[in-house]
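These values consider heavy atoms only, across backbone and side chains, with no hydrogens, waters or symmetry-generated copies. Order of the sequence lines fixes the chain letters, A, B, ..., with proteins taken first and strands second; residue numbering starts at 1 for each chain. No experiment lies behind these values; they were computed from the predicted model shown.
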Number of protein chains: 2
Amino acid sequence: MIGYRVKMLREEKKMSISELSTKSGVAKSYISSLERNLQTNPTILVLEKFASILCITVDALLYEQVDHSMDDEWKEIMKDIIGSGISKEEMREFIEDRK
Amino acid sequence: MIGYRVKMLREEKKMSISELSTKSGVAKSYISSLERNLQTNPTILVLEKFASILCITVDALLYEQVDHSMDDEWKEIMKDIIGSGISKEEMREFIEDRK
DNA sequence: GCATTTTAACTCGGTAACCTATCATTTACA
DNA sequence: TGTAAATGATAGGTTACCGAGTTAAAATGC
């Protein structure tokens, strides 16, 4: 989902929605709704503006594997999960339940 | 310009606008206006539909160098030249003479 | 502690533009 | 010339995108 990707890549660059908005020229209300997947079908112009400010290609913005989605906070949480003794099966069930 | 690229890539695949339209699910009137650069800012959904039918990536659709100088007609002519037995040297001389 | 300011993100209504459906025109070819 | 396929023009529905205002929380000052 494009919104999630924008959010991840933006946070990776430590930008707020407002900052990305002023720099890219895309309304922050729109960025917000994109990131929450209320809007899911941006035009290339918007994508190119994002890509330019985030210093990546449109292709990377759209499809490139974002293993960065596992940021430092998530890594900490993962450690805690593993340390707590929760099994992979339990986690998968939890994820299924939350879908 | 995206419209020109769509046109080139479509013709490269020997598809009519109508065929691309029915296969991709994008209205042919819209494809037509895109190719004539009346519309210039499609959404990713449209781009992805095109890319899928044209068997290329969205990135290629947007940016990859299109060899428009050598269109289908020129390719046919090239084949005829080669098939006719004319040597490369002869062709170069011919070009020089015409300059 | 509380009030004020600042920063970040969300809500909502409006508008411009993307995209579709329909009809008209051109082209191709028998 | 007639017919079908391909392309082009137009109008309208739908939605991408914007701007102003609101809320929430953090930062700063007293």
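If you take OG1 on T57(B) and CG on L47(B), they are separated by 11.0 Å, rounding to the nearest 0.5 Å. Rounded to the nearest 0.5 angstrom, L34(A) CG and S29(A) OG are separated by 10.0 Å. In this structure, N37(A) CG and K7(A) NZ are separated by 10.5 Å, a value rounded to the nearest 0.5 Å.
For the pairing with T43(A), the side chain to side chain donor-acceptor pair (under 3.5 Å) check across T43(B), N41(B), T40(B) returns one residue only, N41(B).
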Each nucleotide N or O in nucleotides 22-30 of chain C that has a protein N or O under 3.5 Å away: list the pair and distance.
none

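A heavy atom closer than 4.0 Å to some atom of DNA chain D occurs in S32(B), R36(B), these being the qualifying members of residues 30-58 of chain B.
Comparing the end axes of the helix from dG1(C)-dC30(D) to dA30(C)-dT1(D), each fitted to five base pairs by superposing C1' atoms of four pairs onto the next four, gives an inter-axis angle of 30° (nearest 10 degrees).
Identified under the salt bridge (Lys or Arg N to Asp or Glu O under 4.0 Å) test for residues 24-34 of chain A, with sequence neighbours left out: none. Within the structure, salt bridge (Lys or Arg N to Asp or Glu O under 4.0 Å) pairs that include any residue of residues 39-60 of chain A do not occur (at least two apart or interchain).
Note on S16(B): only backbone sugar-phosphate atoms sit closer than 4.0 angstrom, heavy atoms only; bases stay farther off.
Taking atom CD1 of I17(A) as the reference point, atom P of dT11(C) lies 11 Å away to the nearest angstrom. Atom-to-atom, CD1 of I2(A) to C1' of dA16(D) comes out at 14 Å; the value is rounded to the nearest Å.
Without hydrogens or angle criteria, R5(A) side chain to M1(A) main chain gives no donor-acceptor distance under 3.5 Å. No side-chain donor-acceptor contact under 3.5 Å links S24(A) to the backbone of F50(A).
Residues R10(B) and E35(B) are paired through a salt bridge, judged by an N-O separation under 4.0 Å between the basic side chain and the carboxylate.
Qualifying side chain to side chain donor-acceptor pair (under 3.5 Å) partners for K23(A), counting only residues two or more places apart in sequence or in other chains: E19(A).
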